[in-house]
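In what follows, every heavy atom counts, from backbone to side chain, and hydrogens, waters and symmetry copies are set aside. Predicted model, so just to flag it, every value in this text is computed and none were measured.
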Amino acid sequence: MHKTFNTDGYCDPELHYMVDLSSRLQKIKSMIDHEKYFAINQARQYGKTTTLTALANYLQNDYNVISLDFQGISYADFQSEQNFTAAFSRQLLLASKNLPKDIKEELTFYATGRVQEATLSMLFLTLQKLCQNSSKKVVLIIDEVDSAAKNQIFIDFLAQLRFYYLKRRQIPTFQSVILASVYDVRSVKRKIRADEDHTENSPWNIAAKFRIDMSFSVFEIAGMLQQYEADYHTGMDIPAISNLIYEYTSGYPYLVSGLCKILDEEISETPNYPTKSSAWSIEGFYEAEKTIIKEDNPLYESLLRKLELYPELRSMLYELLFHGKPIPYVATSAYMKDATMFGFIRNENDTAVISNRIFESVLYNHFLAEEFAFSKMYDIGAQEKNQFLVGGHLNIRRILEKFIEAFHELYREEDEAFLENVGRKYFILFLKPILNGIGNYSIEPQTRNHERMDLVIYYRGEQNILELKIWRGNAYNERGEKQLSGYLDYFHMKKGYMLSFNFNKKKEVGMKEIVLGDKLLIEAVV
């Protein structure tokens, strides 16, 4: 039986195609060897559980590993020390094999939930004995600690871990403790005394920084595809497909596996891609990318729900996407930390950028969908869409001509500041119904700024490059033409398009052609 690509929970190397985790497991073990207590904080579906499961197996020859999951502890279990101690003891009994008889008896005693003296202090005395009597150093791994982070009992639990860590030279305790979650438990605070409103300390300030990259590299993606290729012999260009997958996902584990799963199970053996060989191609990849963007899945739901809960986060993402506003990455900023924690952005050269192209497209679609119902530009694009298709090909020149006409008709009375902010968004609104789910577009992140943004428009296997920019004089315009020409070289294309928003009163609205060497640039001026 062949393996499959998995996007639902833990990945099993016996059942699923997986990247080789050995390198990061070795790095994590090094932290454990050095007695580090640390938290693995990653966005949803970033492979935390898979990594922790693999880590437990990786460590078993050297350590006694206790691996727990706080999803198995209910909200009610955090309402008292007695409840929590009972729930924790039950998990520990299920997770651990060959417990010493006295330890097992004590945990069984606590697990009934009817023992009044079953406090955290008593639990930790039992854990201390467990560490003392174990033939190997003990490592404690707890997954999904998010569910506990807001509960005082959990904060007290962290404080006990901290106490034993600081006393580890005097009393036996865990070699290492690893907590995994989306939310950063290092930032959990507790009042020192109830009457001190402004004095706080962290019960987890002993945690070491976890700097190991959990995303998949191009090399790791290629290794996973080589496993697949050994089973199916598609003849795919593994370096090219691996690079494309990484380019669009930035190695986000769920998205990497999701694209591969779509290629294998949804694109392959369809009328347009009748074999696996035809599916695992550049064209097949773009079909898969279009499919995954349109999915309604728990990851996207979780992301988009955060936009409602965090207005500052929403505003920042909107600025990044539609205005191209460069936003410095400030690690101490609360909303910047939230955006990173949830997986929206990453730090690139001290600037905040959207984490990957797929999330970028999902966010564009989300923001634009809020305007479909009342956008006149969207309505015009929808009404006129049939005239932009010629023999199954997208006529970009005609799209630009019609956009100029519509934009001038609708917005000629608006002031410059308004149009600078919305011009590019209105073009995307105009383009969206024309592509009609058959085509797609992506925005090249390295070209997006306040004045320039490059779109790559995909339609039935064809690509077109369109630069959207704001006119800043002839010198700037000529520089933009050369930049676009260089960009066409990158895509091995001879023709490109420019849409210039020119607010000079003496401008010449319309279309013109510019020849630069062997390149033809078709420019539309609004």
Side-chain angles (χ1 to χ4, degrees), residues 10 12-14 21-40 48-73 84-112 115 117-145 157-180 185 204 206-208 210 212:
Y10 159 66
D12 185 334
E14 297 297 319
L21 299 176
S22 57
S23 174
R24 74 194 54 157
L25 295 179
Q26 186 176 7
K27 292 175 184 176
I28 297 173
K29 183 177 182 297
S30 178
M31 295 183 71
I32 293 168
D33 292 340
H34 288 87
E35 300 182 348
K36 301 298 184 183
Y37 283 33
F38 55 95
I40 300 178
K48 297 185 292 296
T49 300
T50 296
T51 299
L52 293 179
T53 304
L55 178 65
N57 293 329
Y58 187 78
L59 296 173
Q60 63 184 354
N61 291 333
D62 299 303
Y63 293 103
N64 178 6
V65 181
I66 299 172
S67 185
L68 310 180
D69 188 334
F70 269 12
Q71 276 191 325
I73 297 182
F84 177 79
T85 300
F88 190 92
S89 299
R90 287 193 293 269
Q91 282 231 343
L92 192 51
L93 286 166
L94 288 171
S96 303
K97 298 177 181 177
N98 303 318
L99 285 170
K101 183 179 178 182
D102 60 334
I103 302 294
K104 188 172 183 178
E105 287 177 351
E106 289 181 21
L107 291 173
T108 302
F109 186 55
Y110 302 149
T112 64
V115 185
E117 62 268 31
T119 62
L120 282 176
S121 296
M122 292 298 293
L123 173 64
F124 270 85
L125 286 174
T126 300
L127 295 176
Q128 180 184 332
K129 283 198 287 185
L130 172 62
C131 293
Q132 185 174 24
N133 297 331
S134 176
S135 60
K136 301 175 184 176
K137 296 286 188 181
V138 181
V139 174
L140 176 63
I141 300 173
I142 306 178
D143 197 6
E144 299 290 350
V145 297
F157 175 76
L158 290 182
Q160 289 285 320
L161 288 173
R162 179 180 182 271
F163 171 80
Y164 276 83
Y165 175 81
L166 294 175
K167 295 289 185 180
R168 66 191 184 281
R169 295 293 175 256
Q170 290 82 44
I171 55 180
T173 188
F174 300 112
Q175 167 78 10
S176 174
V177 174
I178 306 165
L179 305 181
V185 296
W204 194 245
I206 55 168
F210 184 79
I212 298 168

Within this structure, what is the CZ-NZ distance for the pair Arg162 and Lys167, rounded to the nearest 0.5 Å? 11.0 Å
Interatomic distance, Asp143 atom CG to Phe70 atom CZ [nearest 0.5 angstrom]: 10.5 Å
Show the nearest heavy-atom pair for residues Cys131 and Pro172, with the distance to one decimal. CB-C, 4.2 Å
Under the side-chain contact (heavy atoms from CB on, under 4.5 Å) test, residues paired with Tyr165 that sit two or more places apart: Tyr37, Arg168, Ile206
For Phe88 and Phe157, what are the C-alpha separation, side-chain angles and deciding distance, and is it a ring pair (Phe, Tyr, Trp, His ring centres under 6.0 Å)? CA-CA 11 Å; Phe88 190 92; Phe157 175 76; 5.4 Å; yes
Given 3.5 Å as the limit, does a donor-acceptor pair link the side chain of Lys136 with the main chain of Gln60, or not? yes
About how many Å separate CZ of Arg24 and CG of Leu55, when rounded to the nearest 0.5 Å? 12.0 Å
Can you confirm whether more than 12 heavy atoms, excluding those of Lys36, are under 6.0 Å from its NZ atom? no
Working to the nearest 0.5 angstrom, can you tell me the gap between Leu25 CG and Thr51 OG1? 7.0 Å
About how many Å separate NZ of Lys27 and CD1 of Ile212, when rounded to the nearest 0.5 Å? 7.0 Å
Among residues at least two apart in sequence or on other chains, which ones pass side-chain contact (heavy atoms from CB on, under 4.5 Å) with Tyr10? Asp12, Pro13, Thr49, Thr50, Thr53
Residues passing the side-chain contact (heavy atoms from CB on, under 4.5 Å) test with Lys137, sequence neighbours excluded, are Tyr63, Gln175
Rounded to the nearest 0.5 Å, what separates atom CD1 in Ile66 from atom CG in Leu92? 5.0 Å
Has Glu14 got more than 12 heavy atoms of other residues, nucleotides or ligands less than 6.0 Å from its CD? no
